[in-house]
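Bear in mind the structure is a predicted one, so any value in this text is a computation, not a measurement. Computation of the quantities below employed the complete heavy-atom set of this structure, encompassing side-chain atoms and omitting hydrogens, waters and symmetry-equivalent molecules.
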Amino acid sequence: MVCCSWIFLSLCLLLFITPDEGFLQDVTFSQSQRLSMKILKDVRSLRVLYNEEQFGGQLIQDSGIVLASLPSASMVYTHWLNMQDEERLANSSRDLHVYWVHVHANRMHLLGESEQSQLSQSMLALQMDLSDLTLQVNSQLWAMNVTLPPPPAEVLPPELLSPPSEWLSKLQGSIILRDLERYLGKVVRDFTLLKSRNQQ
């Protein structure tokens, strides 16, 4: 229960943080595009490291496994192309937080706060980058006078907080990183489109 409360509080604080005026003026879609591309590259490397440490480098067949609590990167192309800028950013703000919470919960369950391994440090660095990207998205929404999206009512499924086995916990971590990689590909495309539309 303490873990759930801490995660929910962290999520709310990240969602409703208000950037100062100077930061708002400095954030461009080009900057967010570069940061999202950097995070995408890091997640690809992290997936390799994660599978090496947790599964001994063996090939994990997880392509058919889905965590319903994770946002999907799939979208009909015409709908994606015709989305309003505000809707695109609001969706990213909400979804990136959901991924942040999942990465945090998996890291804490598998590795603990005091773990200083390369894997733990890489996952922590990923959380920090996701927070920075979400802050940039929130800044852009704030500059558009758009109300930030409310935190999701249900973020984590019980089996992620208390998995029945270590194997399942490890597998969930692999799925989270796999789907985050796919989602970040969409975020990169979003900012590429926003950049071209707004000439930033």
If you group Ile, Leu, Val, Met, Phe, Trp and Tyr by side-chain heavy-atom gaps below 4.5 Å, do [X] and [Y] land in one group?
X	Y	value
Leu177	Ile65	yes
Leu96	Leu148	yes
Tyr77	Leu193	yes
Leu89	Met75	no
Leu119	Leu124	no

Legend entry - Check: His97 and Asn138 side chains under 4.5 Å, non-hydrogen atoms: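 Touching, per the 4.5 Å side-chain cut-off.
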Closest contact, heavy atoms only, [X] versus [Y]:
X	Y	value
Ser69	His102	OG-NE2, 2.8 Å
Pro71	Asp95	CB-CG, 3.5 Å
Val137	Ser92	CG1-CB, 4.5 Å
Phe55	Ser174	CE1-CB, 4.1 Å
Ser74	Ser72	N-OG, 3.0 Å

Inset, instruction - Under the side chain to side chain contact (heavy atoms under 4.5 Å, CB included) rule, what do Leu130 and Leu180 come out as? Steps first, then yes or no, please. - result: CA-CA 11 Å; Leu130 288 174; Leu180 176 56; 4.2 Å; yes
Legend entry - Within 6.0 angstrom of Met37 CE, more than 12 heavy atoms from elsewhere: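 12 or below, so no.
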Inset, instruction - Show your working on side chain to side chain contact (heavy atoms under 4.5 Å, CB included) between Met108 and Met123 and close with a plain yes or no. - result: CA-CA 10 Å; Met108 293 298 293; Met123 292 178 76; over 6 Å; no
Inset, instruction - Return the orientation label for the Phe191 and Phe29 ring planes: parallel under 30°, perpendicular over 60°, tilted otherwise. - result: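 Because their plane-to-plane angle lies in the 30° to 60° range, the rings of Phe191 and Phe29 count as tilted.
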Inset, instruction - Look at the rings of His104 and Trp100 and say which category their plane angle falls in: under 30° parallel, 30 to 60° tilted, over 60° perpendicular. - result: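 His104 and Trp100: parallel rings.
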Legend entry - No-hydrogen, no-angle side-chain donor-acceptor test under 3.5 Å, Ser32 and Gln140: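 Their side chains do contain a donor-acceptor pair, which is all the 3.5 Å distance test asks for.
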Please round to the nearest 0.5 Å and tell me the distance separating atom [atom1] of [X] and atom [atom2] of [Y].
X	Y	atom1	atom2	answer
Asp132	Gln127	CG	CD	12.0 Å
Ile39	Glu181	CD1	CD	13.0 Å
Gln121	Leu49	CD	CG	11.5 Å
Gln172	Leu70	CD	CG	9.5 Å
Asp179	Ile175	CG	CD1	7.5 Å
Gln31	Ser36	CD	OG	11.5 Å

Inset, instruction - Apply side chain to side chain contact (heavy atoms under 4.5 Å, CB included) to the pair Asp42 and Leu126, showing each step before the final yes or no. - result: CA-CA 8 Å; Asp42 290 346; Leu126 170 60; 5.7 Å; no
Inset, instruction - Mind running side chain to side chain contact (heavy atoms under 4.5 Å, CB included) on Arg88 and Gln84 for me, showing each step along the way? - result: CA-CA 6 Å; Arg88 194 181 304 278; Gln84 297 297 312; over 6 Å; no
Inset, instruction - Answer yes or no: is there a donor N or O on one side and an acceptor on the other, between the side chain of Asn106 and the main chain of Ser169, under 3.5 Å? - result: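 Side chain of Asn106 to backbone of Ser169: a pair is present.
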Inset, instruction - Check side-chain hydrogen bond (donor to acceptor under 3.5 Å, both in side chains) between Trp80 and all other residues, then give those that pass, not counting sequence neighbours. - result: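 Trp80 satisfies side-chain hydrogen bond (donor to acceptor under 3.5 Å, both in side chains) with Asp190 once adjacent residues are dropped.
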Inset, instruction - List for me each residue that meets side-chain contact (heavy atoms from CB on, under 4.5 Å) alongside Asp85, sequence neighbours excluded, and say none if there are none. - result: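 Counting only residues at least two positions away or on another chain, Asp85 forms a side-chain contact (heavy atoms from CB on, under 4.5 Å) with Met144, Leu194, Arg197, Asn198.
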